[in-house]
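Structure, as structure tokens:
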2 protein chains.
Amino acid sequence: MHTGRAATRALLTAELGVTRATAGAVAAELEALGLIRVDTRPSGPSGAQGRPSHRLDVAPQGPVVLAAQVHADGFRAALVGLGGEIVATAPGSMTVPADPAHVLGAVVEAGAGLLRGSGRICLGAGLAVPSAVAEPEGTALNPLHLAWPAGAPVRDVFAGQIARVGILGPDGEPVASFVGNDVNVAALAEHRHGAGRGAQDLLVVASGHRGVGGALVLDGRLHTGSSGLALEVGHLTVQPDGRPCHCGSRGCLDVEADPLAFLEAAGRVPGPEVSLLEQCRDLLRAEYGDPAVKAAAHTLIDRLGRGLAGMVNVLNPDRILLGGLHRHLLDADPEALRAVVSDHSLWGRSGGVPVLACALDHNSLVGAAELAWQPVLDDPLAALGG
Amino acid sequence: MHTGRAATRALLTAELGVTRATAGAVAAELEALGLIRVDTRPSGPSGAQGRPSHRLDVAPQGPVVLAAQVHADGFRAALVGLGGEIVATAPGSMTVPADPAHVLGAVVEAGAGLLRGSGRICLGAGLAVPSAVAEPEGTALNPLHLAWPAGAPVRDVFAGQIARVGILGPDGEPVASFVGNDVNVAALAEHRHGAGRGAQDLLVVASGHRGVGGALVLDGRLHTGSSGLALEVGHLTVQPDGRPCHCGSRGCLDVEADPLAFLEAAGRVPGPEVSLLEQCRDLLRAEYGDPAVKAAAHTLIDRLGRGLAGMVNVLNPDRILLGGLHRHLLDADPEALRAVVSDHSLWGRSGGVPVLACALDHNSLVGAAELAWQPVLDDPLAALGG
DNA sequence: CCTATTTTGTTTACCGTCGGCACAAAGTCA
DNA sequence: TGACTTTGTGCCGACGGTAAACAAAATAGG
């Protein structure tokens with residue numbers, strides 16, 4: 001079981017590709033474990049012929065997972081139910097000595113507060129970080145925006161705080177902890193509950209603050225490569241003779257298609273009062289009439305499009321989703337971006353890959369929750385029964 | 001069952017991750033179907049403690065598949081046994097009106113001749129072509145070197161010739177036909193029987209005549225993307241301000257790191273008497289002392305290394321194999337190439353990806369055979385029993 | 001030489017998953 | 001009201017696999 005949306009046993013039968021009997025058994029198991037509730041009431045005249053199906057709803061007071069996202073300015077903790085619904089959420093701002101244990105301690109304490117207030121059972125914990133995460137070590141390789149040391153053992157620290165604060169599962173043990181790159185888990189969330197539903201080969205590219213991140217969801221599973229470092233797409237060359245990048249090359253996507261690059265291209269000086277991404281969004285929405293802004297947008301659309309085309313040639317996805325700045329660039333001129341991708345990808349011209357915007361608010365948060373839900377979906381009994 | 005080398009039941013147990021009982025059952029099934037032979041004779045003093053294991057050998061006169069490779073100058077047909085052993089092979093040269101049906105008819109007839117001479121049973125047919133192959137249509141999108149029309153329905157034509165000539169399986173029906181890109185299937189062959197054994201995330205890049213091809217083997221399966229067009233890596237930008245490419249961009253790998261680019265960089269005029277690849281190989285072996293040749297080699301090593309680094313950032317493979325010209329460049333200066341890849345891939349510096357040469361002769365041919373063997377490995381009984 | 005140990009191969013019993021099937025339930029359609 | 005269609009459930013059996021006990025064939029060591 002790996003799909004989110006399944007409102008009736010009949011839909012389960014179709015989506016899982018099993019018989020009605022098996023789907024019924026799965027539903028019965030999930031109901032017995034308190035994860036879903038079966039609604040047998042007739043839902044009015046459906047118009048369809050045949051016996052009306054029973055709706056399968058996520059249990060209203062059912063279990064949740066603790067999800068969190070950390071970023072440059074602070075963090076956000078949340079409780080997320082089965083199906084990606086955010087049950088409760090709380091922001092937090094970061095204090096100055098922001099070492100991992102400090103930050104994640106505050107994150108987990110915020111989550112514990114949410115849990116106490118909700119009275120829900122917690123089945124796991126997931127964390128999204130703006131850094132590549134090496135597998136299976138669970139270390140953050142480049143948490144630059146957090147000013148954490150490279151290689152920080154984020155999963156271990158997170159698990160340690162979960163144990164210290166005492167986030168306990170049904171078996172009385174501290175719940176399992178999962179850590180992922182923010183774009184990666186956002187891709188997972190979009191695939192399950194957002195604009196990526198049904199895609200078999202989903203490419204997600206996003207730029208939130210600095211740099212560019214990517215993710216690939218293959219057959220419903222996050223593809224992280226042999227050591228978790230796949231889709232580090234920031235260093236594809238998109239601009240011959242471009243500006244130097246810390247990787248040693250020039251014209252990398254990371255420095256040519258992120259919010260700072262856009263503001264500079266538009267001739268604006270980034271202000272400190274609001275995030276780079278918000279400045280970009282406001283510029284694109286309110287001042288797109290300004291020729292300098294429009295030209296900057298098209299410059300970045302060209303660079304981004306070349307990078308996306310390179311990924312299309314290597315990965316051959318069947319859908320592309322854009323987030324952060326890239327999503328705003330797509331909104332500004334969808335046809336221009338799609339044309340660049342098509343023109344520079346060998347087979348894009350024949351057919352073309354759909355390029356869409358991410359659809360979920362807080363997709364990194366929901367995606368972090370999906371990491372924690374995964375073992376429950378894989379084996380509900382083991383995850384709950386003990 | 002998806003692995004080639006398994007010389008005893010005990011190794012099967014380990015490689016398949018099952019119990020001895022299951023491995024024994026699998027071996028018994030394969031033996032009953034005539035695919036393998038069990039050698040119970042003691043093989044002399046093994047030195048190891050414990051009961052000596054029975055060797056499982058590929059059946060000496062067992063079934064084969066028909067494999068073929070077409071290229072600019074002609075084709076090669078072969079019979080390949082389980083385990084990738086080439087049982088018999090025959091080259092063929094192409095005549096002038098080289099339309100697909102003509103060429104593939106000759107290919108299949110050559111294969112039929114080999115089959116008659118061998119007295120073996122044929123279980124399938126695989127074909128490697130120097131072109132991207134769209135799935136599931138089985139059409140060749142850019143068979144430029146063959147002067148075939150773009151989008152030629154290669155699989156259907158191949159299957160038609162198989163049926164016309166009458167290559168029949170044990171059930172009396174024409175055998176199943178499979179078509180793949182030559183680098184893709186070569187990667188499959190290297191993973192099963194060559195330098196890619198044991199890799200979980202194998203990237204193969206090669207340049208045989210013109211252009212550059214790539215392939216990825218993930219968990220033992222070829223990764224072809226959503227429509228068969230993944231790893232079309234020829235259009236990654238590796239040279240700012242490089243020469244123009246037919247894709248509309250400049251400095252693509254395709255035109256910066258193929259045999260023609262090397263000969264031009266070395267200041268040589270390609271002669272017509274021998275293939276571009278052979279000219280490159282001879283140049284690198286015999287005249288590497290010539291400063292122009294050495295400089296050209298390092299120019300191409302730099303370009304290739306940048307391209308490989310881009311792929312590493314996107315795909316995060318755990319091993320890279322090089323074929324064709326790239327393999328000769330690696331031989332010429334292994335450390336230089338590995339250094340470029342490390343320096344330009346974000347995480348290459350910490351750890352580094354092994355970069356090795358392909359190990360098999362005729363790896364495209366063996367890979368084409370693997371395509372045809374695949375259904376037998378997946379379900380031996382169904383493939384043979386009827 | 002005889003026994004203990006180790007590793008391999010085989011046999012048997014058993015368990016869990018899932019498909020096939022029959023049947024019941026609950027609606028629409030004529 | 002009866003036929004039809006679709007959904008949900010219970011039952012049986014096939015299949016794939018593990019677990020465990022047993023048998024076989026070598027080495028190790030007194």
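Since this is a predicted model, take the numbers as computed values, not measurements. Each chain gets a letter, A, B and so on, in the order the sequences are listed, and its residues count up from 1.
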Comparing A:T22 and A:H54 on DNA chain C - which has the more 5′ nearest nucleotide: A:T22
Length of the line joining B:D39:CG and C:dT8:P, which is rounded to integer Å: 17 Å
Nearest to side-chain heavy atoms of A:T19, which nucleotide of C:dG19, C:dT6, C:dG9: C:dG19
Protein-nucleotide distance (B:L11, atom CG; C:dT7, atom P), rounded to Å: 14 Å
Spacing between B:L12 atom CG and C:dT7 atom C1', to the nearest angstrom: 16 Å
Closest approach of A:F158 to A:V179 (non-hydrogen atoms, all atoms of both residues): CD2-CG2, 4.2 Å
Heavy-atom donor-acceptor pair, A:R20 side-chain to D:dG8 base, under 3.5 Å: yes
Residue-phosphate contact under 4.0 Å: A:S53 side-chain N/O, D:dT7 OP1/OP2: no
Donor-acceptor pair under 3.5 Å, A:R51 side chain vs D:dT6 base: no
Exercise: identify the closest heavy-atom pair between B:A368 and B:A128: CB-N, 3.9 Å
Length of the line joining A:I36:CD1 and D:dG8:C1', which is rounded to integer Å: 13 Å
Interatomic distance, A:D378 CG vs C:dT17 C1' [rounded to whole Å]: 16 Å
Euclidean distance, atom CZ of residue A:R55 to atom P of C:dG27 [Å, nearest integer]: 16 Å
Spacing between A:R9 atom CZ and C:dA26 atom P, to the nearest angstrom: 13 Å
Sugar-phosphate only, base, or nothing, as touched by B:A21 at under 4.0 Å among non-hydrogen atoms: base
Criterion side chain to side chain contact (heavy atoms under 4.5 Å, CB included) against B:E370, the qualifying member of B:V185, B:V65, B:N363, B:L188: B:L188
From C:dC29, D:dA26, D:dG8, nucleotide with atom closest to A:Q49 side chain: C:dC29
Side-chain touch A:I121/A:V64, heavy atoms, less than 4.5 angstrom: no
Salt bridge (charged side-chain N to carboxylate O under 4.0 Å, His left out) assessment of B:D378 paired with B:R221: CA-CA 12 Å; B:D378 286 342; B:R221 297 267 169 182; 3.0 Å; yes
